[in-house]
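I have placed the structure first, in the form of structure tokens, so that the comments after it can refer back to it.
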Amino acid sequence: MRKPLAAAVIAILVAQPAWAEIGRIKSHVGEVMVLRKGTAIAVAPGLKLEQGDVVRTGKTGRVGIAFLDNTRMALGPASRITLDEFSYDRSRQTGSFVTSVNRGSLGVVSGNIAKSKRDAMRVRTPTSMLGVRGTKFVVEVK
Amino acid sequence: MTGACAHDRVTLLDNEDGAQQFAVADITRPGQERLIDAPATELRLGSTSKPKTLKKLRQSDVLLAGNLPPKAAAFSITFPPDQSEIPAGQRGILEQIRNELSVRPGAQIEVAGFTDSTGDDAMNDKLSLDRARSVVDQLRGFGFPVEPEDAVGRGEDEAKARLGDGVSSGDYRKVIVIVR
């Protein structure tokens with residue numbers, strides 16, 4: 001019983017606070033919305049994103065996002081992604097990153113997390129789980 | 001295959017700056033991984049079909065890639081041994097950083113300090129963080145907000161991994177500033 005307890009304690013010590021910045025909105029056009037715990041937040045360049053945020057675009061919306069591990073994303077029109085998990089040790093440049101593409105199109109250039117360990121960066125779609133090993137790709141969910 | 005997800009896909013675009021790792025794998029089914037590892041190749045998701053090579057990239061994908069934020073810019077400031085004050089000769093780089101910040105709306109910044117591998121680990125951890133904080137102070141002086149967690153001390157790990165322990169090297173007495 002000791003090992004799981006020790007692991008849990010370490011996880012608590014290492015985990016970053018849930019409200020920590022994971023990246024920022026860099027550019028946007030058209031209708032773009034960030035949903036945080038069910039509340040809509042107005043989007044502007046420099047808006048800090050957090051783990052759990054949902055980013056949504058309307059029919060003419062587009063948005064560019066840069067993350068702390070140098071991952072970059074672009075979300076196309078009529079799209080919705082959820083930033084499910086982002087844990088990153090900025091000193092060691094390692095971590096774990098899971099994004100769900102709920103609908104629409106997502107362009108990605110992967111960063112340090114994807115380099116740190118095989119499949120440390122994953123993209124989830126309604127049917128599949130993708131392991132990202134680099135570098136530039138598009139996921140589309142109809 | 002019927003239903004809304006029949007045409008979900010992942011498409012690998014061109015490589016980015018000679019990145020070493022260049023692939024995406026469908027890892028939905030353990031032991032039945034499907035991999036794409038060449039530009040303009042595509043996997044249909046929610047299926048077991050083989051990867052497909054495209055004659056050319058879709059226009060919509062090219063457009064989407066054009067909306068990606070620019071790559072982060074990196075600047076290096078070097079320091080004399082055991083010092084964390086920014087040398088006068090390096091101040092021009094601070095101006096370059098200031099210019100970069102001015103053309104990147106909503107910029108996020110990371111300031112990472114390093115040391116060479118002389119001296120002990122704990123001292124170098126502190127020295128590297130002190131170097132990072134000197135640079136952060138300057139950037140705040142420009143009126144740019146920098147969060148305390150944006151300053152990182154990486155100590156001597158990188159120098160030790162490349163050169164071994166106890167080696168004096170100007171290449172590692174530095175602060176790297178990344179502007180996203």
Side-chain angles (χ1 to χ4, degrees), chain A residues 16 20-21 23-29 44-48 62-68 70 72-77 79 89-93 101 103 105-111 114-115 118-119 121-142, chain B residues 3-29 33-37 39 42-43 45-47 57-58 60-61 63-72 104-108 110 112 125 147 149-150 152-155 157 178 180:
Chain A
Q16 58 201 350
E21 175 185 2
R24 291 187 189 198
I25 299 285
K26 296 299 297 178
S27 62
H28 68 103
V29 292
L47 175 70
K48 295 176 185 178
R62 292 178 172 275
V63 60
I65 306 170
F67 292 87
L68 295 190
N70 289 337
R72 291 175 282 144
M73 289 184 179
L75 194 56
S79 301
D89 181 330
R90 289 172 85 171
S91 290
R92 295 176 184 277
Q93 299 184 304
V101 182
R103 66 165 180 269
S105 54
L106 175 71
V108 180
V109 176
S110 60
K115 286 180 203 158
R118 173 170 275 216
D119 300 334
M121 182 180 192
R122 279 156 290 157
V123 176
R124 186 185 284 140
T125 74
T127 60
S128 305
M129 180 66 91
L130 303 173
V132 177
R133 297 165 196 176
T135 167
K136 195 195 277 187
F137 60 95
V138 170
V139 175
E140 186 175 42
V141 172
K142 295 282 185 187
Chain B
C5 295
H7 300 293
D8 293 355
R9 64 176 172 97
V10 56
T11 307
L12 205 50
L13 307 186
D14 51 320
N15 208 343
E16 175 99 349
D17 301 334
Q20 298 297 310
Q21 290 284 321
F22 184 50
V24 176
D26 180 349
I27 55 173
T28 312
R29 295 173 190 81
E33 179 178 298
R34 295 186 305 149
L35 185 79
I36 46 173
D37 59 0
E42 187 167 294
L43 276 178
L45 301 178
S47 81
L57 292 173
R58 286 180 181 78
S60 60
D61 287 357
L63 182 61
L64 190 60
N67 290 138
L68 287 161
K71 195 179 175 215
R104 290 194 188 230
Q108 199 275 329
E110 180 173 307
D125 283 349
E147 307 292 341
E149 61 269 24
D150 293 334
V152 182
R154 297 228 172 103
D157 290 353
I178 294 172
R180 297 184 184 95

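This is a predicted model, so every value here is computed, not measured. We name chains A, B, ... by the order of the sequence lines, and we start the count at 1 in each one.
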Non-hydrogen atoms of B:Leu12 and A:Gly134 that approach each other most closely: CD1-O, 4.1 Å

Under 3.5 Å donor-acceptor, B:Asp8 side chain and A:Thr125 backbone: no

Option that, when pairs with chain A are counted at under 4.5 Å, heavy atom only, ranks first among B:Gly106, B:Ala65, B:Gly153: B:Gly106

Where A:Arg62 and B:Leu63 come nearest, the two heavy atoms and their spacing: NH2-CD2, 3.1 Å

Residue, of B:Ile36, B:Val24, B:Thr11, B:Leu64, that accumulates the most heavy atom pairs under 4.5 Å with chain A: B:Leu64

Side chain / backbone / both / neither for B:Glu42 at chain A, heavy atoms under 4.5 Å: neither

Which atoms of B:Asp150 approach chain A - backbone, side chain, both or neither, heavy atom under 4.5 Å: both

Carboxylate-amine/guanidinium contact A:Lys48 B:Glu147, below 4.0 Å: yes

Note, B:Gln108 side chain near A:Glu21 side chain (heavy atom, < 4.5 Å): yes

Proximity breakdown for A:Arg122 and chain B, heavy-atom pairs closer than 4.5 Å: side chain

Atom of A:Leu130, atom of B:Asp26 and distance for their closest heavy-atom approach: CD2-CA, 3.8 Å

Heavy-atom closest pair, residues B:Leu68 and A:Gly107: CD2-O, 3.7 Å

Straight-line distance of A:Lys142 NZ to B:Arg9 CZ, nearest 0.5 Å: 7.0 Å

Interchain contact, B:Arg154 with chain A, by part (heavy-atom threshold 4.5 Å): side chain

Chain A contact via B:Leu57 - side chain, backbone, both or neither, heavy atoms under 4.5 Å: neither

Nearest-0.5 Å distance, CD1 of residue B:Ile178 to CG of residue A:Asn70: 5.5 Å

SB check B:Asp14 A:Lys136 (cutoff 4.0 Å): yes

Minimum heavy-atom distance between A:Thr127 and B:Gly46, given as atom pair plus value: OG1-N, 3.3 Å

Step-by-step salt bridge (Lys or Arg N to Asp or Glu O under 4.0 Å) determination, B:Glu149 to A:Arg90: CA-CA 9 Å; B:Glu149 61 269 24; A:Arg90 289 172 85 171; 5.8 Å; no

Contact winner vs chain A - B:Ala107, B:Ala112, B:Ala72, heavy-atom pairs under 4.5 Å: B:Ala107

Engaged part of B:Pro39 at the chain A interface, taking heavy atoms whose separation is under 4.5 Å: neither

Validation row: A:Val138, B:Leu13 side chains within 4.5 angstrom (heavy atoms): yes

Gap separating the OG1 atom of B:Thr28 from the CZ atom of A:Arg124, nearest 0.5 angstrom: 11.0 Å

Under 3.5 Å donor-acceptor, A:Thr135 side chain and B:Phe22 backbone: no

Flag, side chain of A:Ser128 to backbone of B:Leu45, donor-acceptor distance under 3.5 Å: no

Top of A:Gly64, A:Ala74, A:Ala66 for chain B proximity - count of heavy-atom pairs under 4.5 angstrom: A:Ala74

Any donor-acceptor N/O pair, A:Arg72 side chain to B:Pro69 backbone, under 3.5 Å: yes

Part of A:Leu68 lying under 4.5 Å from any heavy atom of chain B: both

